[in-house]
**Q** 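Quick one: the structure is below, and I'll ask about it shortly.
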2 protein chains.
Amino acid sequence: MNNKEKLRKAGLRPTKQRMIIADILLDGINRHFTAEILQNEINSSGNSMSIATIYNCLKKFRNCGLIKQIESSKDTAIFDTNINQHHHFLDEETGELIDIENDEVNLRKLPEIPQGYLNNGVEVLIKIKKQI
Amino acid sequence: MNNKEKLRKAGLRPTKQRMIIADILLDGINRHFTAEILQNEINSSGNSMSIATIYNCLKKFRNCGLIKQIESSKDTAIFDTNINQHHHFLDEETGELIDIENDEVNLRKLPEIPQGYLNNGVEVLIKIKKQI
DNA sequence: TTTTACTTTAAAATCGTTCTAAACTACTTG
DNA sequence: CAAGTAGTTTAGAACGATTTTAAAGTAAAA
């Protein structure tokens with residue numbers, strides 16, 4: 001399925017701008033990125049785009065499940081092109097994130113989901129720090 | 001150990017402002033809060049404090065391990081008075097966080113920590129959504 | 001004490017992100 | 001294909017959380 005079809009399937013009009021971003025993000029490679037990093041990649045690809053459009057686009061892509069936003073206490077939103085359930089190592093010093101595939105983690109025991117709620121995904125974060 | 005001693009032990013001068021905040025936060029009750037919520041509690045306690053001081057203080061307290069900051073993609077920093085390793089349910093719609101005690105989660109298998117790094121804490125986040 | 005280093009403060013600045021409203025464009029319908 | 005309309009993009013203004021500034025204040029050391 002090409003990117004135009006992916007956008008259509010997600011209920012998004014395949015505009016010129018969304019196609020430029022889809023061509024960068026939806027290439028099957030797992031990446032963590034911020035709006036600013038994406039803007040640099042757009043510029044490097046010989047295109048340009050208003051930062052407002054980049055934010056709009058990221059929000060739409062995220063809401064459609066084309067990308068994920070990572071839970072992070074950094075001041076800049078971090079997105080992930082890996083939309084499968086998976087986990088992360090986090091170096092809190094540098095903010096570096098490293099993917100952990102889902103099958104590398106196994107939960108023996110999970111707590112009961114609160115009354116009236118459904119499980120909507122489990123994320124394991126392993127904080128790491130450089131050895132001295 | 002009283003709060004003055006706790007601050008001293010953490011390497012922080014027990015100033016008037018830090019004592020006010022310590023009296024609110026270090027009462028043994030587990031709470032999630034933002035700088036704004038804390039400011040309201042300070043005001044309710046009949047005190048007042050510059051917002052810059054509140055941020056300074058939260059940063060110092062966090063760096064000393066007196067409180068924790070929660071990994072969250074919300075635009076406001078969320079802190080936690082529970083400094084023991086534990087986990088959370090997160091309702092992404094509302095942002096509500098519910099504590100999960102560490103012994104309610106058991107990991108059968110953890111990935112190998114990357115070369116040159118040490119494990120610095122594991123956090124499990126279970127995203128939940130309201131049943132329809 | 002006196003000194004020194006650290007802390008607090010109000011106000012300004014900064015930074016990421018969102019809003020606004022006008023111009024534009026993809027899609028629908030006739 | 002033409003015209004309409006609903007959704008999109010844009011630059012720039014606005015916003016909200018947080019940090020910086022620089023001056024005044026305070027705790028601890030000498």
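Being a predicted model, the structure only gives us computed values, none of them experimental. These numbers come from the heavy atoms of this one structure, side chains and all, not from hydrogens, waters or symmetry mates. Naming convention: chains lettered A, B, ... in sequence-line order (proteins, then strands); numbering from 1 in each chain.
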**Q** Would you say A/Ile70 and B/Ser73 make side-chain contact, with heavy atoms under 4.5 Å?
**A**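 They are not in side-chain contact.
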**Q** Could you tell me whether A/Lys60 contacts a base, only the sugar-phosphate backbone, or nothing, with contacts defined as non-hydrogen atoms closer than 4.0 Å?
**A**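 Contact class for A/Lys60: sugar-phosphate only.
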**Q** Between P on C/dT7 and CG on B/Leu7, what's the gap in Å once rounded to a whole number?
**A**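 Distance, rounded to whole Å: 11 Å.
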**Q** Please test A/Leu58 against A/Leu25 for side-chain contact (heavy atoms from CB on, under 4.5 Å), starting from the C-alpha separation and ending with a verdict.
**A** CA-CA 10 Å; A/Leu58 287 174; A/Leu25 297 182; 4.3 Å; yes
**Q** Can you tell me how far P of D/dT10 sits from CG of A/Asn47, to the nearest Å?
**A**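 Atom-to-atom, A/Asn47 to D/dT10, this comes out as 11 Å.
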**Q** Does B/Asp99 form a side-chain contact (heavy atoms from CB on, under 4.5 Å) with B/His32? I'd like the steps, not just the answer.
**A** CA-CA 9 Å; B/Asp99 275 358; B/His32 306 132; 2.9 Å; yes
**Q** Could you give the CD1-to-P distance, from A/Ile20 to D/dT8, as a whole number of Å?
**A**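 For the pair A/Ile20 CD1 and D/dT8 P, the rounded distance is 16 Å.
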**Q** Starting at atom CE of A/Met19, determine the distance to atom C1' of C/dA26, rounded to an integer number of angstrom.
**A**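 After rounding, the reported distance stands at 14 Å.
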**Q** Using whole Å, report how far CZ of A/Arg18 lies from P of D/dG7.
**A**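 Taking CZ of A/Arg18 and P of D/dG7, I get 11 Å after rounding.
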**Q** For a 4.5 angstrom cut-off between non-hydrogen side-chain atoms, does A/Leu7 reach A/Phe61?
**A**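 Of all side-chain heavy-atom pairs linking A/Phe61 with A/Leu7, at least one is under 4.5 Å.
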**Q** Is there side-chain contact between A/Ile29 and A/Thr81, with at least one heavy-atom pair below 4.5 Å?
**A**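 With C-beta onward as the side chain, the pair stays apart.
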**Q** Over how many whole Å does the gap from A/Gln39 atom CD to C/dG16 atom P extend?
**A**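 Computing the A/Gln39:CD to C/dG16:P distance gives 11 Å.
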**Q** Let me have a per-nucleotide readout for nucleotides 13-30 of chain D, 5' to 3', with B, S or -, counting only protein heavy atoms under 4.0 Å.
**A** ----SSBB------BS--
**Q** Does a side-chain N or O of B/Gln17 approach OP1 or OP2 of C/dT9 to a distance below 4.0 Å, or not?
**A**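 Yes, because at least one side-chain N or O of B/Gln17 sits under 4.0 Å from OP1 or OP2 of C/dT9.
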**Q** Taking the side chain as everything from C-beta on, heavy atoms only, tell me whether B/Asn3 gets closer than 4.5 Å to B/Met19.
**A**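 Yes, their side chains come closer than 4.5 Å.
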**Q** How large an angle, rounded to 10°, do the end axes of the helix from C/dT1-D/dA30 to C/dG30-D/dC1 enclose when each is built from five base pairs?
**A**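 That helix gives 30° between its end axes.
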**Q** Could you check A/Met49 against A/Asn47 for side-chain contact (heavy atoms from CB on, under 4.5 Å), going step by step and ending with a plain yes or no?
**A** CA-CA 7 Å; A/Met49 205 175 295; A/Asn47 295 289; 5.6 Å; no
**Q** Does the pair B/His88 and A/Glu71 meet the rule for a side-chain contact (heavy atoms from CB on, under 4.5 Å), with working shown?
**A** CA-CA 12 Å; B/His88 292 108; A/Glu71 299 294 327; over 6 Å; no
**Q** Please tell me if the side chains of B/Glu104 and B/His87 come closer than 4.5 Å, counting only heavy atoms from C-beta onward.
**A**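 No, their side chains stay 4.5 Å or more apart.
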